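The first residue in the sequence is number 1, and the count goes up from there. Both backbone and side-chain heavy atoms feed into the values below; hydrogens, waters and symmetry mates do not. All values derive from a computational prediction rather than experimental measurement.
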Amino acid sequence: MTQPLPNSRQQQLHDWLKAVFTEQTFDLQSLPGDASARQYHRLQLTTEPQSQAARYIVMDSADEQDAMRQFINVAKLMAPVINVPTLIAQDVAKGFLVLQDFGTVEFAHLLVKATPEQVDRHYQLAMQTLVALQTLSVEQAKSEHQLPDYDSALLDREMDLFSEWFMPYIGVAVDPKLWRALKAVLIQEILQQPAVVVHRDYHSRNLMQDQADHSRLGVIDFQDAVIGAYTYDLVSLLRDAYVEWSEPQISAWTRDFWQLQKQAGVSTATDIAQFENDMNVMGVQRHLKVLGIFVRLSQRDGKDRYLVDIPKVMRDFMVELEWLEAHGSLQMQQAVAPFNDYLREHILPAYQRQFVQQYI
């Protein structure tokens, strides 16, 4: 076993897996951690020849049993419409779960050295998968699976990650009046968008090429799903913190997605201009959150690798703010314009001083 768990936890997991896979031998390899406190392992049965050996993913969620329960709950909700991992075995009390293994090829890997035509096919499949997710009944997701609303309190709390973590990291304070006005108008417009089941982290590292069926994308890391705005997951996909595309390409995919929504009968904007507006409104909220989270992962959790992705997030954030200042509703423009002035005069210089040497 590589990268072993603490001895007592390692033994507990090993004993449980022996009870699950009775009379079989297996190899357990620890996988690199993600942004959560959960640990993942790849289990391979060694009873059969290696070419035929079954492989599974083992989730160890010792301190996050509630997250594991929600993972199981959301998997049952999403399984009828998208390709989520099949649950093989579970012990929620212990914090152990065995899942189908989609393999090692992430969506991000598919994009490396791909031709423009191949890239487009990959994104069309990702968008088709997302539209399928949005066909789920909101009422069923609430009544049978207790998915919470992406409400004003949660939207506000997420944006405050920017003021509480990102701003202190670059050494400046946000103007309280401008900050309150920006958050208020963003929340107001986001809550007016059509509501769907939101994955909440739908991007290139949480989509997998299914090793058993390359025509389907496997979707993972969905336990934080909520009922929220119909643009949130598309922002996560097209303005991914880890993959960058030109603005014309993003606009083309945005239009494609809007057409896919209409074809699937999903509630959407009556015209592409409104949909693009809603995308940028949602994008500002998400990128405020992500800027704060990436700094928190470094400062609190020691995961400094996320700092290298901040410049990409900042560029997206500024594109969205500038679009809203020029094309948003009158109320949006009245809040965004003075915030943008403050951003250019105070926040950007401090940000550049902090990041220019290493990351920009």
Task: Side-chain (Asp240) to main-chain (Ser204) donor-acceptor, under 3.5 angstrom - done: yes
Task: Aromatic plane relationship, Tyr230 with Phe275 - under 30° parallel, 30 to 60° tilted, over 60° perpendicular - done: perpendicular
- [ ] Would you check if there is a donor-acceptor pair between the side chains of Asp233 and His199 at a distance under 3.5 Å?
- [x] no
TODO: Report whether Val336 and Val319 are members of the same hydrophobic cluster (ILVMFWY, side-chain heavy atoms less than 4.5 Å apart, transitive linking).
DONE: no
TODO: Without swapping roles, check the side chain of His203 against the backbone of Arg205 for a donor-acceptor pair under 3.5 Å.
DONE: yes
Open item on the list: Donor-acceptor pair, distance only, cut-off 3.5 Å: does the side chain of His109 make one with the backbone of Glu106?
Closed with: yes
Task: Ile220: hydrophobic cluster co-members (side-chain, 4.5 Å) - done: Phe102, Met208
TODO: Examine distances only and state if a side-chain atom of Arg200 and a backbone atom of Asp224 form a donor-acceptor pair shorter than 3.5 Å.
DONE: yes
TODO: For the pair Lys183 and Asp156, find out whether any cationic side-chain nitrogen is under 4.0 Å from an anionic carboxylate oxygen.
DONE: yes
TODO: Describe, in one word, how the ring planes of Trp323 and His327 are oriented to each other, choosing from parallel (under 30°), tilted (30 to 60°) and perpendicular (over 60°).
DONE: tilted
Open item on the list: If only side-chain N and O atoms count, and only distance matters, is there a donor-acceptor pair under 3.5 Å linking Glu322 with Asn340?
Closed with: no
TODO: Could you check whether the rings of Phe26 and His14 sit parallel, tilted or perpendicular, using 30° and 60° as the cut-offs?
DONE: tilted
